[in-house]
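Comments concern the structure below.
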Number of protein chains: 2
Amino acid sequence: MGTKERKEREREELSGLILAAAREIFLEKGYEQTSIRNIADRIEYSPGTIYLYYKDKDSIFHALQQEGFSRFGQQMMVLQAVADPYERLKAMGRVYLKFAKENPDYYDLMFVIRAPMKVLDDEECWNEGQNSFNFLVSVVAECKEHGRFACCDPEELAYVIWSTLHGMVTLDIRGRCRVVSDEKREDIEERGFKALLHLLSHI
Amino acid sequence: MGTKERKEREREELSGLILAAAREIFLEKGYEQTSIRNIADRIEYSPGTIYLYYKDKDSIFHALQQEGFSRFGQQMMVLQAVADPYERLKAMGRVYLKFAKENPDYYDLMFVIRAPMKVLDDEECWNEGQNSFNFLVSVVAECKEHGRFACCDPEELAYVIWSTLHGMVTLDIRGRCRVVSDEKREDIEERGFKALLHLLSHI
DNA sequence: TTGATTTACTAAACAGTGTTCAGTATGTTT
DNA sequence: AAACATACTGAACACTGTTTAGTAAATCAA
């Protein structure tokens with residue numbers, strides 16, 4: 001008899017329901033407003049039930065972070081169509097900035113908020129981030145094989161490129177971009193990205 | 001009779017005491033652990049009293065942010081000794097990274113945490129940040145006057161440089177640097193900064 | 001089918017959070 | 001001495017994450 005299998009299926013169903021509710025509230029009202037009680041209310045279960053499916057609040061956000069990386073990965077798929085490595089690198093930057101602009105809350109969860117990282121103990125690997133970074137490093141390395149960035153270490157250059165884009169995005173997301181003059185603020189990330197490409201094209 | 005003056009002095013005294021306690025707890029135990037009740041306990045007043053001196057919790061963190069910028073400004077003083085603008089720009093980057101490394105909590109408050117920015121309404125000016133950014137822009141502009149960065153807009157280039165350093169610092173502070181290989185992680189910011197300088201020196 | 005056991009869930013409690021406000025006690029002024 | 005102003009408190013309100021004793025239902029064994 002398949003009662004065991006059914007039970008397992010039901011377990012995963014509620015676990016998925018909890019995550020769906022968390023995602024809804026998170027995307028509707030943001031991180032601060034996503035509480036265990038809010039999630040419980042939405043699925044009409046008691047708060048305690050949530051702890052039968054997730055260790056704590058942080059692990060719910062870790063699950064949402066993984067969803068974010070999944071979306072992110074899908075968006076990056078378009079890069080497979082770009083043959084030239086340097087063109088692929090440029091397209092990658094644009095996809096990165098587009099993802100951040102369209103999913104600022106997911107971006108925050110993936111790269112800024114501490115909560116989802118707390119479930120990883122000190123030296124445990126952060127797989128999702130690692131894969132994304134490795135991919136960037138590999139693209140930079142390919143550029144190098146094609147003659148670009150001859151004097152640079154791929155990992156170091158990847159890190160600098162990532163830092164620049166991440167810096168632009170977080171200055172925006174966390175409200176620090178108002179220091180930029182009015183006429184440039186609206187498209188400052190686009191301007192910044194072009195300036196970065198300009199720098200990269202001269203080495 | 002100077003009762004009015006004395007009262008005012010006493011007001012500022014307690015206001016300063018609250019801020020000092022907030023600073024202590026913030027630097028000892030971090031942002032999350034700095035609560036109104038913790039502050040009240042430390043100065044042996046009731047929680048309600050704090051609201052007679054500060055509008056809300058955010059405005060306390062805004063005051064702490066200003067302190068952060070004050071420290072930051074003092075550290076930047078050493079740049080007055082650097083005559084050549086490009087050397088000054090390089091020294092500025094090093095001071096920036098040094099400040100972030102030595103005062104990660106202040107840095108977080110100044111450039112990442114949302115709370116202290118909430119006291120500024122939507123289009124109100126963020127003076128502390130504005131002054132710092134303007135200073136960076138002016139140094140880049142001076143470089144340009146000395147023949148460097150000929151093809152770049154000073155504000156845009158200042159923004160890119162700031163973004164790169166800010167990105168490196170926040171990836172570190174918010175625990176996203178573990179993707180960098182072990183052998184480079186320890187001094188990855190130094191390596192990244194050198195790579196940035198390398199980029200800047202080729203345009 | 002009955003009794004034992006496991007599973008799934010809830011309600012309540014604990015300890016904490018920011019914030020407000022009626023009441024009090026002290027200091028100042030008339 | 002009475003009136004008023006100021007400074008502060010303590011309790012309350014509405015939240016937060018998390019734990020746990022208790023319950024009701026489902027499953028299993030005899």
Side-chain angles (χ1 to χ4, degrees), chain A residues 1-19 21-23 25-26 28-65 109 113-119, chain B residues 1-22 25-26 28-65 109 113-119:
Chain A
M1 54 186 92
T3 55
K4 203 173 171 184
E5 286 78 1
R6 198 201 61 206
K7 287 271 168 186
E8 210 167 289
R9 216 167 49 235
E10 283 175 354
R11 246 199 98 72
E12 276 172 27
E13 242 170 62
L14 187 42
S15 158
L17 222 66
I18 292 169
L19 200 60
R23 178 175 50 245
I25 298 171
F26 174 68
E28 276 172 28
K29 314 195 176 167
Y31 176 73
E32 303 285 338
Q33 290 301 312
T34 309
S35 72
I36 298 289
R37 279 177 180 80
N38 281 343
I39 298 169
D41 279 358
R42 184 161 299 213
I43 56 174
E44 294 174 295
Y45 279 83
S46 89
T49 302
I50 292 181
Y51 288 89
L52 301 170
Y53 294 84
Y54 292 91
K55 192 188 151 286
D56 54 23
K57 204 192 167 190
D58 291 343
S59 73
I60 295 178
F61 284 111
H62 179 71
L64 285 180
Q65 192 198 60
L109 206 54
I113 293 172
R114 288 201 171 95
M117 305 302 278
K118 285 190 205 146
V119 307
Chain B
M1 56 183 87
T3 55
K4 204 172 170 184
E5 285 78 2
R6 197 203 61 206
K7 288 271 169 185
E8 210 167 291
R9 215 166 51 233
E10 285 174 354
R11 246 199 96 72
E12 277 173 25
E13 244 170 61
L14 187 41
S15 158
L17 222 65
I18 291 168
L19 201 61
I25 298 171
F26 174 68
E28 277 172 26
K29 313 194 177 168
Y31 175 73
E32 303 286 337
Q33 289 300 312
T34 310
S35 71
I36 298 290
R37 279 177 178 80
N38 280 342
I39 298 169
D41 278 359
R42 185 160 301 211
I43 57 174
E44 294 176 295
Y45 279 83
S46 92
T49 303
I50 291 179
Y51 288 88
L52 302 169
Y53 294 84
Y54 292 90
K55 190 190 154 285
D56 54 22
K57 204 192 167 190
D58 291 343
S59 72
I60 294 177
F61 283 111
H62 179 73
L64 285 181
Q65 194 198 58
L109 207 52
I113 293 172
R114 287 202 172 95
M117 305 303 278
K118 286 191 204 147
V119 306

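Chain letters run A, B, ... following the sequence lines, proteins first, then strands; residues in each count from 1. What you see is a predicted model; the values in this text were computed from it and never measured.
- With sequence neighbours excluded, the residues satisfying side-chain contact (heavy atoms from CB on, under 4.5 Å) with A:I43 are A:L14, A:L17, A:I18, A:A21, A:Y45.
- With pairs defined as Watson-Crick or G-U wobble and both atom distances under 3.5 Å, the stems of at least three pairs that touch DNA chain D come out as C:1-30 with D:1-30.
- Residues passing the side chain to side chain donor-acceptor pair (under 3.5 Å) test with B:E28, sequence neighbours excluded: B:R42.
- Counting only heavy atoms from C-beta outward, the side chains of A:L109 and A:F26 approach each other to under 4.5 Å.
- Dashed line: the shortest gap from a side-chain N or O of A:T49 to OP1 or OP2 of C:dC9 is not under 4.0 Å.
- Going from atom CD1 of B:I50 over to atom P of D:dT9 covers 10 Å, rounded to whole Å.
- We find that OH of B:Y45 is positioned 11 Å from P of D:dA7, with the value rounded to whole Å.
- The nearest whole Å value for the distance from the CD atom in B:E44 to the C1' atom in D:dC8 is 15 Å.
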Pairs: protein N or O with nucleotides 13-16 of chain D N or O, under 3.5 Å:
{"unit_1": "D:dT16", "atom_1": "OP1", "unit_2": "A:S35", "atom_2": "OG", "d": "2.8"}

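- Atom-to-atom, CZ of B:F61 to P of C:dT17 comes out at 12 Å; the value is rounded to the nearest Å.
- Residues satisfying the side chain to side chain donor-acceptor pair (under 3.5 Å) test with A:T34, not counting sequence neighbours, are none.
- Partners of B:D41 under the side chain to side chain donor-acceptor pair (under 3.5 Å) rule, at least two apart in sequence or in another chain, do not exist in this structure.
- For A:E32, there are no salt bridge (Lys or Arg N to Asp or Glu O under 4.0 Å) partners at least two apart in sequence or on another chain.
- A:Y53 has a side-chain polar atom (N or O) that falls below the 4.0 Å cut-off from OP1 or OP2 of C:dC9.
- The distance from atom CD1 of B:I43 to atom P of D:dA7 is 15 Å, rounded to the nearest whole Å.
- We find that CD of B:E13 is positioned 13 Å from P of D:dA7, with the value rounded to whole Å.
- Pairs of residues two or more places apart, or lying in two chains, never qualify as salt bridge (charged side-chain N to carboxylate O under 4.0 Å, His left out) while including a residue from residues 44-60 of chain B.
- Counting to the nearest Å, the P atom of C:dA22 and the OH atom of B:Y51 are 17 Å from each other.
- Between B:I60 atom CD1 and C:dT19 atom C1' the separation is 12 Å, expressed in whole Å.
- A:S15 pairs by the side chain to side chain donor-acceptor pair (under 3.5 Å) definition with A:Y54, not counting sequence neighbours.
- As judged by a 4.0 angstrom heavy-atom cut-off over every strand, A:L14 is placed among residues touching the sugar-phosphate backbone only.
- B:I113 places a side-chain heavy atom less than 4.5 Å from the side chain of B:Y31.
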